[in-house]
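Along the sequence shown, residues are numbered consecutively beginning with 1.
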Amino acid sequence: MSPITPGRGTDATQDDARRDTAAARRRTSAAATPRATTLSSPAEPVDGRSTRWDNHREARRRELTHAARRTVHRRGPDVSMDDIAADLGTSKSILYRYFTDKVGLQNAVGEAVVTAITANLRAAVENAPTPRAALHGMIDAYLAMIEHSPSVYYFVTRNTAIANAVALPAQGDAARSAPLSSFLGSITTIVAQPFAQAVGNDDHLDVEAWAAGAVGFISGTGEWWLARLGEPGTPDREHVATRITAWLWAGPIGLLARERQTTTDPQDTTQG
């Protein structure tokens, strides 16, 4: 199963309506019931019904997010909220209750994609026999994601707020509103691991600079390849992954190796 197209779930629109009605009745009842107050009244216990409702909302939001991803995968990145709601068998007002607007839904889908692909990247590093193989595995995992569902990839990355934030990885609340931005920041650390193994952790500035550049290079080359899929002469995923790995690896590794050789074993050019 692809990290960007989850399995099929069940619709719970009627459950939403029933739970909303019950919650409204509880709020109305609570507001109409006077409460006795004293100077030393103990803290009120947590309402178990409220906790259950919060848990339901979170579970329902995840379910709608996964269902929306399937719709985008089938119908394309420009699908409207009306079409998504119709495909899910619910109403647009229900979607807005959970996501506020289309950008909110894009962010939710982006968070789900980020979680899945990050796990795949970490697995590629952990299972690789060499640092170079780890880099190749991560590049292939990224290309596999965008190849499997270009529609979901474009649905998320065409979010202007996210795209604008990619240049500067966000933190905290800003990261939650721009998941791809925080994703790029987090995978820079993951991508740096094989390079650090090859050149040594003491060269941390070189490692960080290379990893940041590598992320942009992989993303840019991947999108170039994605736009040409299906055209005559377009290389397959394995070829692209292998080429990107070679371009990223041979240059800096070779350069640093030559610099270290010159430093540790300088040639005496005074004798001729």
Side-chain angles (χ1 to χ4, degrees), residues 2-5 69 72-73 76-77 103 106-107 109-125 128 131-171 174-196 206-231 234-253:
S2 166
I4 54 177
T5 51
R69 286 163 61 187
V72 173
H73 177 70
V103 172
Q106 287 174 308
N107 284 333
V109 173
E111 289 172 5
V113 172
V114 164
T115 299
I117 190 60
T118 300
N120 287 354
L121 295 179
R122 292 189 184 280
V125 172
R132 180 165 177 159
L135 177 63
H136 181 278
M138 287 188 289
I139 294 171
D140 185 66
Y142 168 75
L143 295 177
M145 177 194 75
I146 65 176
E147 179 186 31
H148 179 79
S149 186
S151 292
V152 173
Y153 179 78
Y154 287 134
F155 177 77
V156 174
T157 57
R158 285 177 182 175
N159 180 337
T160 304
I162 293 177
N164 289 340
V166 164
L168 183 62
Q171 305 292 331
R176 285 188 288 275
S177 66
L180 288 190
S181 175
S182 60
F183 167 63
L184 292 178
S186 65
I187 66 169
T188 296
T189 302
I190 302 174
V191 171
Q193 293 179 25
F195 190 72
D206 283 333
V207 170
E208 291 177 5
W210 177 87
V215 169
F217 187 82
I218 295 167
S219 174
T221 308
E223 291 189 5
W224 169 88
W225 172 70
L226 184 63
R228 288 159 178 78
L229 277 180
E231 295 181 3
T234 300
D236 61 20
R237 190 180 85 217
E238 174 58 28
H239 179 84
V240 174
T242 300
R243 296 296 287 172
I244 295 176
T245 302
W247 291 332
L248 288 175
W249 195 259
I253 293 295

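- Distance CD1/Ile117 to OH/Tyr142: 9.0 Å, rounded to 0.5 Å.
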Given Val240 and Thr234, is the side-chain contact (heavy atoms from CB on, under 4.5 Å) satisfied, shown in steps? CA-CA 9 Å; Val240 174; Thr234 300; over 6 Å; no
Check: residues 224-231 side-chain donor-acceptor pairs under 3.5 Å, at least two apart:
from, atom 1, to, atom 2, distance (Å)
Trp225, NE1, Pro235, O, 2.8
Arg228, NH1, Trp224, O, 2.9

Assess the residue pair Leu121 and Val125 against the criterion (side-chain contact (heavy atoms from CB on, under 4.5 Å)); give the C-alpha distance rounded to whole Å, side-chain angles, the decisive distance to 0.1 Å, and a yes or no. CA-CA 6 Å; Leu121 295 179; Val125 172; 5.9 Å; no
Show your reasoning for whether side-chain contact (heavy atoms from CB on, under 4.5 Å) applies to Gln106 and Glu111. CA-CA 9 Å; Gln106 287 174 308; Glu111 289 172 5; over 6 Å; no
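- Once rounded to the nearest 0.5 Å, the distance linking NE2 of His148 with CG of Leu143 reads 14.5 Å.
- Looking at every heavy atom in both residues, Pro131 comes nearest to Pro194 through O-CB, 3.1 Å.
- Put simply, CH2 on Trp247 and CD1 on Ile218 are 12.0 Å apart, with the number rounded to the nearest 0.5 Å.
- Side chains of Ser149 and His73: a donor on one and an acceptor on the other come within 3.5 Å.
- How far OG1 of Thr221 is from CZ of Arg243: 11.5 Å, rounded to the nearest 0.5 Å.
- The shortest heavy-atom contact between Ser151 and Val72 is CB-O, 3.3 Å.
- For the residue pair Ala128 and Ala133, the shortest heavy atom distance occurs at CB-C, 3.7 Å.
- In this structure, OG1 on Thr157 lies 6.0 Å from CD on Glu223, to the nearest 0.5 angstrom.
- Ser219 contributes no side-chain N or O that, together with a main-chain N or O of Val215, makes up a donor-acceptor pair within less than 3.5 Å.
- Judged as a salt bridge (Lys or Arg N to Asp or Glu O under 4.0 Å), the pairs with a partner in residues 133-149 (not counting sequence neighbours) are, in order, Asp140-Arg237, Glu147-Arg237.
- His136 pairs in a side chain to side chain contact (heavy atoms under 4.5 Å, CB included) with only one of the listed residues (Leu248, Thr242, Ile244), which is Thr242.
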Run the side-chain contact (heavy atoms from CB on, under 4.5 Å) test on Trp210 and Val191 for me, step by step, so that the C-alpha distance in whole Å, both residues' side-chain angles and the decisive distance to 0.1 Å come before the verdict. CA-CA 9 Å; Trp210 177 87; Val191 171; 3.8 Å; yes
